[in-house]
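This report refers to the structure that appears directly beneath it.
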Amino acid sequence: MVRLYIQGKMTTTIKLLALLCLLPFVVSDDNLPTSYEYYTSEGISSGLSADQSYFLLNGKNFSVYSGAMHYFRVPRAYWRDRLKKIRAAGLNTVETYIAWNLHEPQSGVYDFGDGGSEMEDFVHLEEFLQTAQEEDLFVILRSGPYICAEYNFGGFPSWLLRENVMGFRTTEENYIKYVTRWFNVLLPKVAQYQFTKGGPIIALQVENEYGNQEYQTFLPEKITLKTFIRFLFKTLLVTSDSPLSHQDKGTLPGVFLQTANLGASPEKQFEKLLELQPDRPLMVMEFWIGWFDFWTSEHNTKEVDSVKGGI
Ligand SMILES: *[C@@H]1O[C@H](CO)[C@@H](O)[C@H](O)[C@H]1NC(C)=O
């Protein structure tokens, strides 16, 4: 139909205009811009914004389609292959925790791939970030310090237990001392990879499910505003909790975007999140469509209905 119309009685200019309008539909997929080309080709003036009911990345509408890949659990030789598969699955973002225990295996001794620890090959964090970007993926970093991640001690280094820390995940003095020392090493390394500096990091999650904590002395209030914002002031800061069970206890409204962790009742969780945080985008950080297996335990599976429904 379109071709017939162009062949009709139109002036050359109109024909040309019509052809130009059609051009985007006739280019092959090979010529589609990458995500980075689309979002950054006109320069970068802003990062991921959650100041309205939807996300904007560098001023353009953006939907986060993210999958998790914990670099420290995958042999480094497979990273690029796994990241290619994530991108090929249609996702535009990869999310990972940062494992403090592996990066600081002894107090004050760090390993980011050249530290000589026995996990050395798994902790090339910067290479992971660069590879993700090369594979056209944005990155959500979940920096902890506590990450849970179904890890013993939630990713805290075991040596912390010998250091007279009286309150983990609180504002207790010794705890804050070690977290601050760690973040002062970690954050300058990752800050250069934030989106607004030309890197892949579009969001950074602080702590993990802090709403579970019995003592609500919110750690990030003490640390974030000083340390995070100093290094990552242009990156969206988020927290993640289950809105139904913990409301907004794990966040600081206005400072962080609260995201949802859930394994069922997505609609009810979203309703609650919207009530707690009107006019901001809804986002799931963890959707538990599966579950982890303990060594020697039977493989866990879930039924589709249990995820959709309200169990
Ligand atoms: C971005 O998304 C919002 C909400 O869906 C919509 O109102 C707006 O028109 C979109 N903007 C563009 C440029 O597509």
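When a ligand or atom number is given, it counts from 1 through the structure's own listing order. Owing to the predicted nature of the structure, the values given are computational and were not obtained by experimental measurement.
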For ligand 1 and Tyr54, I'd like to know whether there is a polar contact (N/O to N/O, distance under 3.5 Å).
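Such a contact does not occur with ligand 1.
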Check whether the ring centres of Phe72 and Tyr97 lie less than 6.0 Å apart, and answer yes or no.
no
So, the side chain of Gln277 versus the backbone of Arg280: is there a donor-acceptor pair under 3.5 Å, distance only?
no
cation_pi(Arg76, Phe128) dist<6.0 Å, angle<=45:
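Not satisfied by the 6.0 Å and 45° rule.
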Does Lys189 count as lying over the ring of Phe112, i.e. NZ or CZ under 6.0 Å from the six-ring centre, within 45 degrees of the axis?
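Yes, Lys189 sits over the ring of Phe112.
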Is atom 2 (O) of ligand 1 in close reach of the protein, with a heavy atom under 4.0 Å away?
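Protein heavy atom within 4.0 Å of atom 2 (O) of ligand 1: present.
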In this structure, atom 12 (C) of ligand 1 is nearest to the protein heavy atom Asn61 ND2, 3.5 Å
